[in-house]
Every structure is written in C-alpha cells, then in structure tokens.
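Everything below concerns the one structure shown next.
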Amino acid sequence: MTNGNRYDVTTWPVGDPVEDIGEVINSIIADITSRQVGADDRDGGKPGAVIYVPPGDYRLRTQVVIDISFLRIEGSGHGFTSSSIRFNVPEEEWPDLHELWPGGSRILVDMPLTEGSTEVEGAAFYVERAGSPRISSVEFSNFCIDGLHFRPDGSRKHPENTYVNGKTGIYVASANDSFRINGMGFVYLEHALTVCQADALSIHDNFIAESGSCIELRGWGQASKITDNLIGAGPDGYSIYAENHGGLLVTANNVFPRGASSVHLEGVSRSSVSSNRLHSFYPGMVVLAGDSSENLIGANHLLRDEEPWTPFLGVGNGADDLYGVIRVEGSFNSVIGNHISEVVDTHSIRPAGVTPVMVRLASGSGNYVASNHVVARGVHAASGGSAFEAQVGALLTTASAEALAVTAVVVDSESTGNTVLDTGTDDQITADRNANAIRPAPAPGA
Amino acid sequence: MTNGNRYDVTTWPVGDPVEDIGEVINSIIADITSRQVGADDRDGGKPGAVIYVPPGDYRLRTQVVIDISFLRIEGSGHGFTSSSIRFNVPEEEWPDLHELWPGGSRILVDMPLTEGSTEVEGAAFYVERAGSPRISSVEFSNFCIDGLHFRPDGSRKHPENTYVNGKTGIYVASANDSFRINGMGFVYLEHALTVCQADALSIHDNFIAESGSCIELRGWGQASKITDNLIGAGPDGYSIYAENHGGLLVTANNVFPRGASSVHLEGVSRSSVSSNRLHSFYPGMVVLAGDSSENLIGANHLLRDEEPWTPFLGVGNGADDLYGVIRVEGSFNSVIGNHISEVVDTHSIRPAGVTPVMVRLASGSGNYVASNHVVARGVHAASGGSAFEAQVGALLTTASAEALAVTAVVVDSESTGNTVLDTGTDDQITADRNANAIRPAPAPGA
Amino acid sequence: MTNGNRYDVTTWPVGDPVEDIGEVINSIIADITSRQVGADDRDGGKPGAVIYVPPGDYRLRTQVVIDISFLRIEGSGHGFTSSSIRFNVPEEEWPDLHELWPGGSRILVDMPLTEGSTEVEGAAFYVERAGSPRISSVEFSNFCIDGLHFRPDGSRKHPENTYVNGKTGIYVASANDSFRINGMGFVYLEHALTVCQADALSIHDNFIAESGSCIELRGWGQASKITDNLIGAGPDGYSIYAENHGGLLVTANNVFPRGASSVHLEGVSRSSVSSNRLHSFYPGMVVLAGDSSENLIGANHLLRDEEPWTPFLGVGNGADDLYGVIRVEGSFNSVIGNHISEVVDTHSIRPAGVTPVMVRLASGSGNYVASNHVVARGVHAASGGSAFEAQVGALLTTASAEALAVTAVVVDSESTGNTVLDTGTDDQITADRNANAIRPAPAPGA
C-alpha cells in the first residue's frame, strides 16, 4: 500500500480532470477507501493518500465528497489574481490583458446551481463523516479554487461585484481534528472556507480574497489557529468569523478590505487576536459579540479609512460611526497595545456630524482597555485612478490630512466595572467614572 | 548528480520500507555519501538530497542516523489523530471506529527498546556529526512520527496514558545550523523533538502533541524560532523547553494542555515569547528559571483552568497555586500586555484556601510587569461527556462562573527593584513597595 | 495542458542545468508561453506551470527572465550554511571541513559581471512585465540562491567579508500581485530579494542571510507581509527595508546581525512591526524615516549589543549612540510594549562618554510611546573563540554585566505633541514637558 498512495488527477483512468475534476477525485477517494479494507490491524492503519493536482485548469462539475481521514489534496500554485479588478476593466480593453483568469493548480467551480441552492450544495469540496473518531488530518495545500463569476442580485451595478454565486470553496460539516489549509488561493466564491466543529484546525499562509466571506468557523470548536494569511472579504461578508470557539489564535494575518468586519467573534471565549494588520473601509472592524469573553485583542494595527475605488463608492456595512471600530459585547476581554487609525472624509461620517467611536464597550463587564493609541485624521477621498494606485495612494495619504475629533473609548451604561487606561485623553473618553476605572492618557501640553 | 538526488523510499532497492524504513533511509544516506566523494571542488558542493516518503505505514525498526548536511526527508501528510482519545474509548467500541491509528506519511517507531534504553537509543531519527562546519540545513517536512504505545509505569490507571515509552521522534546531538522542522506530526512519543546546540533552527507549523515532552532545546543555542505550531505535552513533560538559549523567538503557537508547563526557559536570555495562545490545567505555565534574563513575555493569552477529562482528573504538575501562572526567577525580564485567565474550581485550589498567584517574581531584580489583565473566575468543573465536547464545554463555560479572588502579582523578598504597572489592583499586589516600584491599576468604582 | 505543466530542469531537453540552469529555465518559460497561445477563452486561463529543481548544484550563467503569471519555481532544500564562517576559517583547515558550500537545490549565481554591472544586470531571477493586469502569483519555494563569493573593495581585510559582488537573487521590477517567496535560502548575494511595487506580497519562512541586503521593498506597495523569516544582512545593508508602503505587516521574524538596521521604513504608513525578535550590533535598529507615519512598533524584543566576532570588530553603521536604537522621524506612530536591551562595552560608546539613547523621536508629532521596558548593561566584550560559541557566549553573558546609564526616550525639539508613558524613569527621559505628555515609570524605591 506504499507507493500506491500517491495519485495524480491527470493520470487517473476514470474521468477527465479538465472536464470534471470532481468526478476524478471522487473516483480516487473510492479507490483509496476500497484499498483500506482489511487494514487497521496490529498497529497498521489507514494512512490515507495524497492527490496531486498539477498546474492547469480543471473544471469541477461534481462536488467532491471527502469522508476519509489523512487525505491530502495538493497543487503547485495558489494562482490568485484579482478577478475583481479585471471584471471592472472596460470590456474593450480585455483583448490587451495578459491574462483574464486566476491560474496555478486552478479548479473552476462550475456545478449546476440555482438561486435556491444551499451553501452545502454549492460546496466544491464537502467533508462529512459521522461516527468516531472525528475525521482527522485532511489537508488542502497550494491550489486555487475559483468561483469564476458572481451573479446579479441588484446590489451592485456590475453583476460581477455582488459577491453572490452560491458557491463555497471548502465546507467541512462534521466534527474534525487537526485539519490543515495551507498555501491555498480562494477567489470569487460566496463562501471561501467554512469549517464546523473544528479542533486543532490550522489555516495558515493562504490567500483568501474577493470572496463573499473568507473564513467562517461555525458551530463550536477549540484550539485552532488562523495565522499568516492574506484575507479580504466582500462588503457584506466576514473576513474572519468564529462562533462558540475557545482557545482560537488569530495572529500574523494581513486582513484587507472589504469585509463587513475584519474579525467577528460570536460567543467566543479565551481566544486571542494579536499582531495582525487589519484594514477596513467601515466601522465595526473587530467585533466581540454574543457575550464573547476573556479574549485578548493585542498588538494589532487597525486602519479604518475610506473606500477609494469607484465601483464600491458609497457601499457600507450598515454600521454607523458610533458603532465602534472595536466593539465589545462581552466581559473580561482585553484590548491592549493596539494602534487604531481612523482616516476619513468628514463628509462621509454617519450620522452626519457625530464624533466617531474607536473602542465601544457596549455591554458586559470587567473589560480592560490599556495602552492603545488612537489616531484620527480627516482627509479628502483619493481622486481615483487604477485600483492599485488609488489604494496605495489612499494608504499613503497623510500630507493633506488634518486632525479629526474622535471618541477613543465609549463605555455604555450597560457595561460596568471596566478598566480603561492610557487610551485617549480625558475628553476622548465617554464613560461613567463611578462605574468604571478610567485613567486617561495625559494630553500633550496639558 | 542532478536528478539522482531525489529518492523515494518505496522504490529504493535495499530493504523493505514497510518492514523497516530505517534500514532503507540509512541505505539511501550511504548512497548519497558515496556519491558525494570527489565533489566540493571549485564552487561545487555536496548538495545533499531529498528522501520522499509517500503516504503509507512504515515500520521503523532501525534508527536512522543522519550525518550529512542538506538532507531533506519529506512526506505528504502529517497524519495526526488523537491516539489518546482512542485508547480511552472502551475496547468494545473499537470495531466501530473509523480508524484506529494516525496516518499520512506515517512512521511507526518500533525499535527493540528496553526500560533501560536511553533517550538517544530510543530516537527514530538521530543526527550527529562532529567536526566543522556544523551540520546544516537538515529538513524534516510533512510526515508523521508515531510512537504507537505508551507502557505501564504505575503512574496512570490506563497504560496508554503514561507518556512513557523510551521513544524519541528526532534527536539532534551535535551543534547544528539552519535546521528546519516543518509541517510534521508527532504523536505518542516520550520525547517528540530534542535539539541540542541549535543555531538558527526553525520549528514551524508542526502538530506536536500527545507526547511526553514536545520541543526541547538543550545544551545551548541562539537565534532560533518556534513559530506557528500546535503543541501539547503530557502532564509530566514540557510543551516548549529551552535552556541556555539567546535570541530565541517563540511566537504564534497554540499550546494546549497538558504539559507540566507551556513554556519553560532555563538560563535563557534575550529571548521573546509573544503572541502565543497558551492553555494549561496547572500553575506554572510560563516559567523563567535558572536566572533567565532580559526576556519578553508579551501579548500572550494564558488560560489556566481545570482538567475536564475523566482519565486525567486529579493529575497535577506538582506546583501549587502559589507558584505563579507566570513565574520569574531572573532579572530584567518584561511581562507586558498579556491576558491571564484563571478559571478554577475553588475546591481544587492547593494548598486549600489560598489565593492563587498569577505572576510571581521569585528572585532576581529589575523585572518590568505592565499592562497585563488578570481575570479570575470560580467554576464547577465540567460534567464530562466526550473528550472534545468536554473540552469545548469547559472552554466556553462562563455562565456559571463567579468572581474568584487572586493575587495578580507577588514580588518575593528575594526579588527587588522591579516595576509593576497596571497589573492588578492595589489589593491584588503583594510586594515591598519600598523595594519595588508599584503602580496598581485603579479599581472600578474606587 | 494538464500534466504538461510540471517541468523538471534535469529532464528538459534544452541546455544543461548543471552548466547553466538559467538557459534551461528560460527555455521552459518560452515553452509555457508558446503553449498558452489560444487559451484564455471562456473561463479557461493561462494557468502557468511549476518548474522543479531537485537537490543538486546548478550553475546560473544566464539571467532568468520571468514575464508570465502563475509560475512556481520550487526545489527540495533551502540549503543554507554559513559561508561567512567558512571563509574565515584558515585555509589550511579546509581539507578537514565536511562541506565547503551551501547545498540543497542550489543555484550558483555565476553570471559574467563587471564592477560596473547594475543591480538589475546582476539579478539571477529578473521579473518584469508591463501592461495589465499586473503579473501575479509568481512563487519561489524551497531552493537556494548562492552568490558564491564577495569581491575585494577595500572595506574589509578579507575579500569574502565585503558583501559586495553585484549579484541579486531575485529582482522584481514591475508592479506585481500576490507573489510568494517561501522556504527559500539566500546566501552571499549583494542584494538577496528586491521587489518593486508589491501588492499582497508574502515573504514567509525563508532563511535570508549573509547577504549585503536581505529584503528590499522598493518604489511603493501595499498589503504585504514579511513573516516568520530568519534574516541577517551585512553591516552596510538592510535586513528589512520598505519604502512608500502602506499596510505592511512585519511579524514573527528573527532578525539577527549584522545589518546597518534591522527594520528600516522610509515613507511607510499604517504598517505594523510586531512580535519580532531583533538583534543588532549597532544603533538604529528600527528606523522610521521619511515621515513614516501611523505605524505600530509593538511587542518586539530588541537587543543591541557588541560585535563578538574578530573579523568584524570595529565595524559600525555610521550611527552613534545618540541616534536611537529606535528612531522615529514621522508622526502618529506607536511604540508599545517592546523590550529593549542595550548591552555594550562602555568603552565602545560613541561619541565617547555620552549616554546612549534607546528611543529617539527626532521629528514629526503625535507619536505614542508606552509600556516599553528599557534594560541597559555594561559588559566587557566576549573573549572570542569560534563564531558560534562567541555569539552564544555574548548572548548569554549577564554575570559580568553591570548597570549602564542610558536615556530611555529623547524627544527632540523638532518633534512635538508626543505622548511618552511608562518608558524609562523621570531621569531617563529628555523631552520638553510642555510640548509633550510625559509620564515616566515610577522608580523602584523612589
């Protein structure tokens, strides 16, 4: 059973990987399963296999269903390129484009879906297995899952900007252990990667962007890590979402716009969001909701600024500027040592004329907010140009900036017993000084 | 000497990798060495080789001895699954289990060992070479080393829970440079990975768990990194241990129980433990001992809570609750911006009735402790169920929690000249205010 | 176009990879390009290819020119070994050395260069493509680029210690997207890796050392990450340099000497340098210049100590001890939660007798410096021995150390409106208390 455990989709006798790699991989999985019968005796197990996807374009018309442990699917190229920018190029310029599509070991998700298809039906890779032990050590490595197109839903002028197509890259439905998602590219999927009931999951060094939502950890889970990824969701979705997780580590990620939030934790406890670089065009970048408690938000860089790109001008996430760039609905959390930059056009602030809020403790108690640096600057929105240039231009725009008044910390009356230290000056903190411990940073020259 | 430098254990003519992959790999190394004779002339070197281990089960009966640089051993699957949970499943349920064993590119360590065998004799992979230059750039990547079974030693009711079997995954005995351990799985080894005299070592993105000790850096060393791993040792061992190292970086790791400690530094200087998520069932999670000095413990999340799993109830690491969740025996260290949660059953506190200590400066001087958030909650231990569910349940248990009195910082009289800022309120700090600089956090409502 | 997209340099019919791998790879790229004609129709793209470089020595006499997206060049060994130590071994000892050269999948850069050759001419891998879209997803993975020798330029006694040879490992000249440099080794190059106009670049888990400069991000760029690398430049070059970047994340790196700086940001905004371990023999370790603004320097460990190795004794970077270990020329930056150790021989301080400066705010305004721990010790320089032993010895030397007076923070009169909290005691801070907000750390025993 040795050398036979390495498969190549292009040499497998069943199916045509170019026409339907799903059929090919399912056939390979059936072969692995059939060959594992009778194993699992004295110390000898069911070691699984690796399925190799060389660089190339492979249409997936049949959902891949994974129900065995120790399966690794690997390619030789994450193949990300910006389809979003490409689709927004005027069509008459297309003949001059070098490439029209992502590449690498690229799987074109092309299943027959309807508008009523469920997220599970729309999954290119679907992992499910009941019983014990939990399915373990499935690995996805270094290939590209491309949803190809979004479809019109009325939300955007250009149909390719809706982030809706019913397609999911990978959906893990069953309780699972020690999965790995490494070096992958995800693009133009409504949901890139959804994992339910994860234990010791590692999502590391991927490029997950131009997808409705990027990473969603659902149900419940523990002891997982989301590290060192480049991530950016659509304006209505999640870049990083987790619910009912304990012991989750989110670190070393560069999360760029859009994303309705950068990191949204729902009912998450004793987890850590540290040393990330987070960037959003909307309020509500880091949201601790659903009584999320005892989490650390530490040593992150947060930038909330303005949408610079024409196709998405005027798009928001529904949160206004009082919502909080960091919003805490929960108890005993720590917000320590972060840098928060707010760089906005004063005319775009909603409700008009309010003072934007950087950290909002909305409910719960016992939170600790210390040593965060709040910077706020008012600018005039960047003047356009190509997407890349506009973005870099906006990121570097400081010369024309002027001071902007913001509230560093708001502690709502629903939240008590919090400690706020050295985060904003006295006039930048709105809180009941009797119900909370507040020590403002001294004001220069005061 | 080009294409000839890629080997596959399943196609090598000497030995049978299924019966003894050790013999096969040693034979390959001998071949590499024999072919390198005469090289190393004008700019032409001894480039080493890669040995590929496809997914499969490979018994190792002969120790692999590595004495050449630039050797890479790589598989296609880290293959971790929880053997600990499986062994604690009642045997009558085994026929219903999907798999009994770890998988991937799995090496079954099955050498003839006795109880008197040394750690070195029990090493599956043993690296040693004297002389100059130091052996360099040996790489282990993406395969599984499985110690199979622990043996009874009287310490646990179930023999598979002892974490004792005399087996070591990888043991590097000689001074070495630029080694890499990446994407590996280690399971059921008494010592998973032991490296002596390391320079510029990288231990990155591995799954090292259910082993007596996980990572041990011994002798002395410098400029190494332990990053982005999932780690969890047995109750008597080390998850991460280093001695006499300078410039070590420990970051982005998710270290879960059990482990007598999460990170133990012995005589370590000028090193950094930052942005990790650490979880333990015992006091003494981060220990700076042996006059460890000038280290940074920053932006970590620490959780010390209760063992929720029946087979290990009542097991401890010998330290009582006065020992310190973070313990410093050394000088000029920094403990900045960490979140420390203590969530315990008040009846389990030892000595009974004491107030648990979060940070203890036991000896040395000039340490700096600032902006750490201490959270303490008393709970009733989780009510059991399956291991995974019990663990997640315990991690998410907050509803039933109540306030627990703890000492945020103790500065022993043996330690002087320390600075403690904003870590605990005045009544949570035990220190000689004349011999140290203490500024408590203000108390809410005070 | 499926299986045909995997190439091996050792089986390609054109050229001899041992004699000139550059010619071979260029021929392969031409083949890929010729086969992509006619693609790029309905959803079908130009997926690129992977070029495999097995372990071995490959001379590169012809520059590789990359002008297609989705190309991955991968080897099976980063092959780093210290050529610097080897070259400084007396030549009569060479016959006893195990290896003379780096290894792994090793490319020997051996192009015909003159002293007048430009950096671009000296690039082993040169990436350039104009037009739209930007070239995307080129990946370099797990091989070694070895510049072989430095040449005498009068700056050092030993010609191999000059860090000058006109060679560049990889030079990316055009605007680019989603490139990856992973698992590589770079050694003995004047410039290891230079990338202009990068978007969403990932430089991850590489070993880049003994090169004049290591990582240089030039022109402008955004949303990139430099993570989890081992890095160390020559005394005149950059370990990590970026200019006009926004949203750059530099985290989890272990940056060792020498390097004129560890991290130099020039005109960089809204970026983050966090959870790194940085070590240098000179002042000016982290430099924010050119009005770099709104950046976070957080949770890093910095060590500035003495050169312990004979061949480089007396070498400096031109900055004196008043320059600042961290130097800020810009506005609204954050320096939070760092540990800074200064361990020097008092006789080596320049200008003689001055009090060394740890953090210097030289210009700009609105910077925030909080919760940093400054440790300063005077030692006698290590007594030599082999390079490795001398280095470790120096790193661990604390016994003979004594207190050294330093200035924790200097705020120059050109810089105003800054906030300095808990970083140094009152007598360690030089600043206009009226123009800035200063709250010193309390002094122990005060």
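Letters A, B, ... are given to chains in the order of the sequence lines, protein chains preceding strands, and every chain is numbered from 1.
The choice from A:Pro133, A:Gly246, A:Ala49, A:Gly366 that makes the most heavy-atom pairs within less than 4.5 Å of chain B is A:Pro133. Highest contact tally toward chain B, considering only A:Ile438, A:Thr416, A:Val138, A:Asn295, is held by A:Asn295 [criterion: heavy-atom pairs under 4.5 Å]. Contact count versus chain B (heavy atoms, under 4.5 Å) is highest, among A:Gly247, A:Ala252, A:Ser274, for A:Gly247. Options A:Arg180, A:His204, A:His245 differ in how many heavy-atom pairs under 4.5 Å they form with chain B, and the most are formed by A:Arg180. Listed options B:Gly183, B:Gly185, B:Ala370 were ranked by heavy-atom pairs under 4.5 angstrom with chain A; first place goes to B:Gly183. Taking chain B as the reference chain and counting heavy-atom pairs below 4.5 Å, the highest number among A:Ala175, A:Ala200, A:Gly337 is found for A:Ala200. In terms of heavy-atom pairs under 4.5 Å with chain A, the best-connected choice from B:Ala209, B:Gly103, B:Ala441 is B:Gly103. The greatest number of non-hydrogen atom pairs below 4.5 Å with chain B, out of A:Asp177, A:Val420, A:Asp228, A:Asn244, is found for A:Asn244. Taking B:Leu302, B:Thr81, B:Asn254 one by one and counting their heavy-atom pairs under 4.5 Å with chain A, the maximum is reached by B:Asn254.
Using a 4.5 Å cut-off between heavy atoms, B:Asp205 contacts chain A through both its backbone and its side chain. For chain A, the nearby parts of B:Leu230 are the backbone and the side chain; heavy atoms of each come within less than 4.5 Å. Only the side chain of A:Ser371 comes within contact range of chain B, with heavy atoms under 4.5 Å apart. Proximity to chain A (any heavy atom under 4.5 Å) is shown, for B:Ser82, by both the backbone and the side chain. Both the backbone and the side chain of B:His78 come within contact range of chain A, each with at least one heavy atom under 4.5 Å from a heavy atom of that chain. Only the backbone of B:Asn300 comes within less than 4.5 Å of a heavy atom in chain A; its side chain stays farther off. When heavy atoms are compared at a cutoff of 4.5 Å, B:Phe80 approaches chain A by way of both its backbone and its side chain. For A:Ser141, no part lies under 4.5 angstrom from a heavy atom of chain B. Contact annotation for B:Arg106: only side-chain heavy atoms (C-beta onward) come within less than 4.5 Å of a heavy atom of chain A. In this structure, the portion of B:Asp110 lying under 4.5 Å from any heavy atom of chain A is its side chain and not its backbone.
In this model, no donor atom of one side chain and acceptor atom of the other lie less than 3.5 Å apart for B:Thr10 and B:Tyr52. Under 3.5 Å, the side chains of B:Glu99 and A:Ser69 contain a donor-acceptor pair of N or O atoms. At a cut-off of 3.5 Å, with distance as the only test, a side-chain donor of B:Gln428 or B:Thr425 sits close to an acceptor on the other residue.
Side-chain contact check for B:Asp422 versus A:Tyr368: some heavy-atom pair is nearer than 4.5 Å.
Checking each of A:Thr227, A:Asn229, A:Asn253, A:Asn338 against A:Asn276 for a side-chain hydrogen bond (donor to acceptor under 3.5 Å, both in side chains) leaves exactly one that passes, namely A:Asn253.
Between B:Phe281 and B:His279, the ring-plane angle classifies as perpendicular under the 30° and 60° cut-offs. The aromatic rings of B:Phe150 and B:Tyr188 sit parallel to each other, their planes meeting at less than 30°, with 60° as the upper class boundary.
Checking side-chain atoms of A:Ser293 against main-chain N and O of A:Ser269 turns up no donor-acceptor pair under 3.5 Å.
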(request) Dump the intermediate steps for ring-ring contact (aromatic ring centres under 6.0 Å, His included) on B:Phe87 and B:His149, then the final yes or no. (result) CA-CA 9 Å; B:Phe87 282 126; B:His149 298 276; 5.5 Å; yes
(request) Determine, step by step, whether A:Glu266 and A:Arg218 satisfy the salt bridge (charged side-chain N to carboxylate O under 4.0 Å, His left out) criterion, reporting the C-alpha distance in whole Å, the side-chain angles of both residues, the deciding distance to 0.1 Å, and the verdict. (result) CA-CA 10 Å; A:Glu266 187 80 25; A:Arg218 300 203 195 145; over 6 Å; no
(request) Might you work through the side-chain hydrogen bond (donor to acceptor under 3.5 Å, both in side chains) test for A:Ser275 and A:Thr251, ending with a clear yes or no? (result) CA-CA 5 Å; A:Ser275 285; A:Thr251 190; 4.5 Å; no
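Residue A:Ala299 comes nearest to B:Ala299 through the heavy atom pair CB-CB, 4.2 Å, listed as atom of the first residue, atom of the second, then distance.
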